[in-house]
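Just so it is clear, the model here is predicted, and its values are computed rather than measured.
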Amino acid sequence: MKKFIIFLLSFIVLIYVFEIGSGLILTLIYTPEITFGTTQSQTVEFGSIANPFPYLFALLAGCIAYFLSQRLYHAK
């Protein structure tokens, strides 16, 4: 049970760190479209699902949390 709690806590911390990190990276590389003219679109875009970063970072956080929990559990 202690091994599972260590894994769960490290996974939660790592997923938040990677989510904030991916948000910072995506914000840095975003370039808005600047249009000049009289016609402006009245549609609102809320985003797309094609972004692979959250799944990649969740997988990475899970792997690191597993190895971290194994190392902390066997260190004692």
### Message
Working to the nearest 0.5 angstrom, can you tell me the gap between S10 OG and Q70 CD?
### Response
10.0 Å
### Query
Out of curiosity, I64 CD1 to S69 OG, how far, rounded to the nearest 0.5 Å?
12.0 Å
### Query
With hydrophobic residues grouped by side-chain heavy-atom distances under 4.5 Å, do V17 and I15 end up in a single group?
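Not linked; separate clusters.
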### Task
For L9, enumerate each residue passing the side chain to side chain contact (heavy atoms under 4.5 Å, CB included) test, keeping only those at least two apart in sequence or located in another chain.
I5
### Message
Taking transitive links into account, so neighbours of neighbours count too, which hydrophobic residues share a cluster with L24 at under 4.5 Å side-chain distance?
### Response
I20
### Query
Is there side-chain contact between L68 and F11, with at least one heavy-atom pair below 4.5 Å?
no
